[in-house]
Amino acid sequence: RVAVDGASIWSAPSVPSIVLATVKAGTVLDVLARFGSWYRVRLPDDPTRIGYVLVRQVEGSTEGLNIPPAPQSAAQPRTPVRRHGQPRRSFLSGSAGYPSTILNFESTTSFAQFLEQGSRTTTYNTRGTPLVDIGYGVEVRRGLFAAAAISWMSGSSVADIDQQIPHPFFFERMRSLKAEATALSRDEIALHLQAAGLVPINRRVHLFFGAGPSLFRLKQSFVTDVAYTHEYPFDDVVFDKVDTAIREKTQWGGNVQLNIITMLNRHVGLDGLVRFSRASLRFTLPDESNVAVPAGGLHVALGLRAEF
């Protein structure tokens with residue numbers, strides 16, 4: 001008979017392990033065996049399930065009962081488990097979401113024209129685009145996982161152009177051109193490697209947190225030249241079009257992640273993901289100018305998780 005209110009029945013005769021049930025004082029337990037300071041018992045609400053309770057939390061004598069001793073080689077006996085949401089040896093997750101961070105960056109270049117130096121400043125603003133995320137992990141120790149995830153986004157950027165163009169007849173009289181380039185392609189794929197931990201809050205809700213390096217592959221379209229027209233007396237310029245070039249680069253960065261998992265049954269659950277990742281990729285453009293482009297950001301996603 002249970003002697004204390006809120007006594008825990010554990011999945012193994014050790015702490016920490018998983019709490020299978022919490023029972024009230026006075027609950028009668030069917031004792032199967034003793035393992036040192038633990039009793040092996042049947043769960044009162046499901047006799048097919050087996051758990052362990054501390055001897056000090058049980059009152060009454062068991063001398064008249066036929067309780068077999070624990071096997072000498074079974075310090076951690078296997079226990080049949082039939083509960084929802086237990087940590088498994090591996091998991092597979094898939095989710096879709098949206099980046100919460102808008103990434104901006106700027107490039108500046110100069111050029112010679114009419115015996116003077118002109119300049120062009122291009123400010124890029126990335127547009128939010130849906131992302132897809134797939135993750136997999138394997139438990140290496142109790143509650144500790146080696147995990148990896150792949151995230152992919154395909155979208156576009158908008159570039160605001162501010163160009164100062166020398167005058168063909170007068171020195172130090174720059175003509176200003178302002179324009180916007182739209183639909184500049186941007187594709188980002190990242191591999192996130194993580195050392196992670198799983199913390200059960202209860203039988204259904206788990207917290208999963210991890211951190212590690214990220215490998216980014218970024219394909220970005222850049223403005224390389226701006227075409228314009230002008231007429232005598234050439235005091236003003238009229239925007240015509242932009243020339244663009246696509247560049248690709250790979251760079252290491254880092255990531256931190258938190259998942260809130262709600263198990264729906266033994267193997268499948270809802271997975272809420274929040275991840276922050278970051279890398280800076282430096283590109284060299286055709287005019288030999290360099291530009292640092294950020295990748296990653298804060299991503300929020302929701303999907304499904306399968307545990308095995």
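In what follows, residues are counted from 1 in the order of the sequence shown.
Checked against the 6.0 Å centroid criterion, the rings of Tyr52 and Tyr39 do not qualify as a close aromatic pair. Ring to ring, Tyr228 and Phe239 are not that close: their centroids are 6.0 angstrom or more apart. For Phe91 and Phe308, the ring centers are positioned 6.0 Å apart or more.
There is a path of hydrophobic side-chain contacts, each under 4.5 Å, that joins Val2 to Val55. Linking Ile, Leu, Val, Met, Phe, Trp and Tyr whenever their side-chain heavy atoms come within less than 4.5 Å leaves Phe145 and Leu191 in two separate clusters. Cluster membership check: Trp38 shares its hydrophobic cluster with Val19, using side-chain heavy-atom separations under 4.5 Å among Ile, Leu, Val, Met, Phe, Trp and Tyr. Transitive grouping of hydrophobic side chains (ILVMFWY, heavy atoms separated by less than 4.5 Å) brings Leu29 and Leu20 into a common cluster. The hydrophobic clustering, which links ILVMFWY residues whose side-chain heavy atoms are closer than 4.5 Å, places Leu54 and Val4 apart.
Judged by distance alone, with hydrogens and angles left aside, the side-chain atoms of Lys249 form a donor-acceptor pair with the main-chain N or O of Arg282 at under 3.5 Å. Between the side chain of His267 and the main chain of Ala306, no donor-acceptor pair closer than 3.5 Å is present. Within the 3.5 Å criterion, the main-chain N or O of Leu103 finds a donor-acceptor partner in the side chain of Thr126. No donor-acceptor pair under 3.5 Å is formed between the side chain of Gln113 and the backbone N or O of Gln117. Judged by distance alone, with hydrogens and angles left aside, the side-chain atoms of Arg204 form a donor-acceptor pair with the main-chain N or O of Met263 at under 3.5 Å. For His167 (side chain) and Phe234 (main-chain N/O), a donor-acceptor pair under 3.5 Å exists by modelled atom type. Thr262 places no side-chain N or O within 3.5 Å of a backbone atom of Val205 that could act as its donor or acceptor partner. Formation of a donor-acceptor pair under 3.5 Å by the Asp160 side chain with backbone atoms of Glu180 is not found in this model. Without hydrogens or angle criteria, Asp287 side chain to Ser289 main chain gives a donor-acceptor distance under 3.5 Å.
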_Applying side chain to side chain contact (heavy atoms under 4.5 Å, CB included) to Asp30 and Val41, what does each step give before you reach the verdict?_
CA-CA 5 Å; Asp30 183 7; Val41 299; 6.0 Å; no

Self-check item: Worked check of side chain to side chain donor-acceptor pair (under 3.5 Å) between Ser151 and His192
Solution: CA-CA 8 Å; Ser151 60; His192 308 285; 3.0 Å; yes

Notebook entry, point to check: For Asp187 and Ser154, what are the C-alpha separation, side-chain angles and deciding distance, and is it a side chain to side chain donor-acceptor pair (under 3.5 Å)?
Noted result: CA-CA 4 Å; Asp187 294 315; Ser154 181; 2.4 Å; yes

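Contact check on Arg275 versus Asp133 returns a salt bridge, with a Lys/Arg side-chain nitrogen under 4.0 Å from an Asp/Glu carboxylate oxygen. With salt bridges taken as basic N to acidic carboxylate O contacts below 4.0 Å, none links Glu188 and Arg217. With respect to Asp162 and Lys178, a salt bridge is recorded, a charged nitrogen being found less than 4.0 Å from a carboxylate O.
Using a 4.5 Å heavy-atom threshold, the side chains of Gln194 and Gln257 count as touching. When side chains are defined from C-beta on, Ile9 does not count as touching Thr22, because their heavy atoms never get closer than 4.5 Å. Here the side chains of Arg186 and Leu218 are in contact, with some heavy-atom distance below 4.5 Å. Residues Arg42 and Ile50 form a side-chain contact, since some pair of their non-hydrogen atoms from C-beta on lies under 4.5 Å apart. Two residues are said to be in side-chain contact when any heavy atoms from C-beta on lie closer than 4.5 Å; Val237 and Arg175 meet this criterion. In this structure, the side chains of Asp271 and Ser95 stay at 4.5 Å or more apart for every pair of heavy atoms. Side chains of Leu184 and Val158 form no contact here, defined as non-hydrogen atoms less than 4.5 Å apart. The closest side-chain heavy-atom distance from Phe222 to Val291 is below 4.5 Å.
Between Thr229 and Asp240, the side chains place no donor N or O within less than 3.5 Å of an acceptor N or O (distance only, hydrogens not considered). Side chains of Asn290 and Thr284: a donor on one and an acceptor on the other come within 3.5 Å.
Cation-pi contact between Arg305 and Phe208: present, with separation from the ring centre below 6.0 Å and deviation from the ring axis of at most 45°.
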